[in-house]
Number of protein chains: 2
Amino acid sequence: MHGNGRQHHVVVVGGGFAGLWATRALAGDDVRITLVDRRNHHLFQPLLYQVATAGLSAPDIAAPLRHILRGQDNVEVRLGEVTGIDTAARRLTLADGDRLDYDTLLLASGATHAYFGHDDWADDAPGLKTLDDALRIRRRVLLAFERAEAADNPAERDAWLSFAVVGGGPTGVELAGTLAEIARKTLRREFRHIDPSAARVRLVEAGPRVLSTFPDSLSEKARRQLQKLGVEVLTDSPVSAIDAHGFTLSRKDPASPETPGTARSSDGGSAPDVQLPATDATTTTRLPGSDAPSNAAATPVTIPARTVLWAAGVAASPLGALLDAERDRAGRVVVNPDLGVPGHPDVFVAGDLASIRQDGKPVPGVAPAAKQMGTHVAAAIRARLGGQSAPVFRYRDFGNLATIGRMAAVVHFGRLKLSGLIAWWFWLVVHILFLIGFRNRLVVMLNWAWAYWSYQRHARIIFGKPDAPDDPPLM
Amino acid sequence: MHGNGRQHHVVVVGGGFAGLWATRALAGDDVRITLVDRRNHHLFQPLLYQVATAGLSAPDIAAPLRHILRGQDNVEVRLGEVTGIDTAARRLTLADGDRLDYDTLLLASGATHAYFGHDDWADDAPGLKTLDDALRIRRRVLLAFERAEAADNPAERDAWLSFAVVGGGPTGVELAGTLAEIARKTLRREFRHIDPSAARVRLVEAGPRVLSTFPDSLSEKARRQLQKLGVEVLTDSPVSAIDAHGFTLSRKDPASPETPGTARSSDGGSAPDVQLPATDATTTTRLPGSDAPSNAAATPVTIPARTVLWAAGVAASPLGALLDAERDRAGRVVVNPDLGVPGHPDVFVAGDLASIRQDGKPVPGVAPAAKQMGTHVAAAIRARLGGQSAPVFRYRDFGNLATIGRMAAVVHFGRLKLSGLIAWWFWLVVHILFLIGFRNRLVVMLNWAWAYWSYQRHARIIFGKPDAPDDPPLM
């Protein structure tokens, strides 16, 4: 009903930063656009950990795609899940059976968390990529304190008060820092049988340092800030097993003279991929057999913990596999310098699903890169429609920042290295600024101000029946 | 670990208005209190419809019971579901197997929605009592517009754009009015294949008028305000069937000279109970055979509607049945004038679970009555512990108010009858005032101001996979 058959039809799959930025950048062009997403909302992922830790409500960091794009007349939003791509016929199939013909396709379906062959860990160590994930983690964390309060014996109580976050990238650091704050501050005085501040929060990292995409000095500052917040930071500690009762480390002897690098290389085989795209790419799990080089003394240790969260790895969306195209080991589609897909002149890939190197380094899977790619694809489509060749994508790296917890963060912008309170303010301002366009900005600021003044986290609501045997997916 | 064995132990079941108010009123007394609830939060139910219609986030109208009571040292909060009551041994059993001994028990587990022998309608006509219910309804309403947008033929599209709310009490009126606003205002310009304002919203009431606990004149004003908002109000329209595709009315001929009353009497047998406790008690479903008196011409009509919401009836919490005590037909426990349970000197019942008459009329199942009962039970316990007899409960009726939708409400306070904009402001101020004690008040005000200025509803987030066959309970 929209547009006409002759107008060039761009189908964008995924309403994340890449897909949404591409769509908006095409607002003034003589194309019609269909944006397909299996969720009805755009999600501001950098604040997702706040939803998981009950500091923000889910709607505070999300907005309906339809609403964002309501004024852009050349866009149609379609709620649906892509299940097939026929590049010869230029046609997508959706889960509901409908088909969508395209002239140009932008695949921007992002990344998901990955367990590197250990999918059986998913139940016991939930990851954080969607709002549903965040609510599941929130529920699990809050219930753990309830279970501890009702526990019949000290061992059970301690296991419920033992938390672990696997993966020392930005998400893992944020989660661990906030968990420690919840235990030490937020829940103070609320329990009668347990002391929540006795909870142990461990951040478990396979490599030698947390936040390995930052300079060494900032990693070290992050570690100290985490410890000050009450987090036990375990580096050089690859996880070899996780179940409902705890996890096992094949911990390398910290005194070992030869500490391997930050898992930037792997010995292949079924070992986990180590060139991961996203912000949490810095941590990998090493499988038994691959994580214990002969020169390191590995001592398996099993640590009881009823709550283990997974922030150790991401893999590309499975939609990349539907293209007949080269993919890297994380499943990302290897793209041309213009973000087109080799052999598929009508297909672009952007965001976390795209594998591209620049100046010898992979473009990182971070929000600014995704936005830049999205905007670039819009320009590339415009150029091609005008009979020109598409321009080459250049990633502009504005820097790197990660929050650690209450009043603590690290910032690395060019030569600028900040940590502590000033970095935290910097982080806060940037994140609120990037929420521009959402009404949510005001509410997020308010919630933050309140939370930092009162130590409270207003969204401590357990959805669903607490006595359910486990927390099934929200579906 | 808390208190000592000699201190009188009050167990309060339910952290709603009755249970929470009783608990707080005992703050200064020499008792220890255990508050048991199967949810971790107190819910401000009067605004629950706003969560269902995406105007508020779930945490905006709820607060963790632990947090509310953190400063009250004689209280312990226990997350758990009561499954057994042994009044002889004065002992409760919880779903996790634990047992709780009490000296005095206050049962205040409230009400749930009831389908009066039609439990098979529950899937196709979800009710609204908990936050999970609200999120389920929100999801269903938002998905209906998405399904309509993707529909292949006009009949399917129209069925997805057909909404019905069964029950013309306050909740039904609120839901219907807000659904109409969503269709006509909120979603404007967001779809390309459908016109959301063409959606039909029907409010279906078995009795002759909506809001039957209000004076006739205000019922009539409410009807006109609903119609102005775009709601089709069907009175004298008992529902005889509901399925996934629509519902069937045994509609009485409106011209029939003898219209029965508002179902305040029933012909017994398996007919639905008609002396329902709660605010939505005004509507009942009449079963086929009981709803078609010989003097009324009943014409069954089936109306396609993919989204039917249930606001027609409530029944008492099943915990009332665990007491060996008289219950009324809605399952409420018939209590003494002091809210004690006949034959059980150690047990009180308060809130929606209590059946008590005053001046020949039942005390209504509304929040102010529950709070007053809770406070009264605290006084009764105090009196008994002091060796005095418990005082008699007197319900002070401060009036009745219901919101209808944008800038429309009705208020009945003694001789004061208001409707329209002034009633809406009155309603708004009262509801924000009653949120006192929550940080949420500020955020709710902000959300409201924003929503009423922009017509937007910020929480339009569909949780879970939209392509799931249906929306299972969040568990």
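We name chains A, B, ... by the order of the sequence lines, and we start the count at 1 in each one.
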Original post:
Contact part of B:Arg189 toward chain A, heavy-atom cut-off under 4.5 Å: side chain, backbone, both or neither?
Top reply: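 Its backbone and side chain both get close to chain A.
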Subject >> Side chain / backbone / both / neither for B:Leu94 at chain A, heavy atoms under 4.5 Å >> reply: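 Nothing of B:Leu94, per the 4.5 Å heavy-atom cut-off to chain A.
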Subject >> Among the listed options B:His67, B:Gln72, B:Arg460, the residue most often paired with chain A at heavy-atom distances under 4.5 Å >> reply: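 Highest number of pairs under 4.5 Å: B:His67.
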Can you name the closest pair of heavy atoms from [X] and [Y] and give their distance?
X        : Y        : result
A:Ser57  : B:Pro59  : OG-CG, 3.4 Å
B:Asp98  : A:Ala150 : OD2-O, 3.9 Å
A:Ile462 : B:Asn40  : N-OD1, 3.0 Å

Subject >> Choice from A:Asp152, A:Ile461, A:Thr130 maximising heavy atom contacts with chain B below 4.5 Å >> reply: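 Answer, by heavy-atom pair count under 4.5 Å with chain B: A:Ile461.
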Original post:
When heavy-atom pairs shorter than 4.5 Å are enumerated against chain B, which of A:Glu190, A:Arg70, A:His41 gives the highest number?
Top reply: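 When all of A:Glu190, A:Arg70, A:His41 are compared, A:Glu190 has the most.
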**OP:** Look up atom CG in B:Leu135 and atom CZ in A:Phe463, then write down how far apart they are to the nearest 0.5 Å.
**Re:**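 Taking CG in B:Leu135 and CZ in A:Phe463, the distance rounds to 5.0 Å.
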**OP:** Examine whether an atom of A:Leu69 lies under 4.5 Å from a heavy atom of chain B, and if so say whether it belongs to the side chain, the backbone or both; otherwise answer neither.
**Re:**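 For A:Leu69, the backbone is the part near chain B, not the side chain.
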Original post:
Is any side-chain heavy atom of B:Glu149 less than 4.5 Å from a side-chain heavy atom of A:Arg78?
Top reply: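 B:Glu149 vs A:Arg78: side chains apart.
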**OP:** Salt-bridge test for B:Arg66 and A:Glu146: reply yes if a basic N is under 4.0 Å from a carboxylate O, no otherwise.
**Re:**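 The answer is yes: the pair qualifies as a salt bridge.
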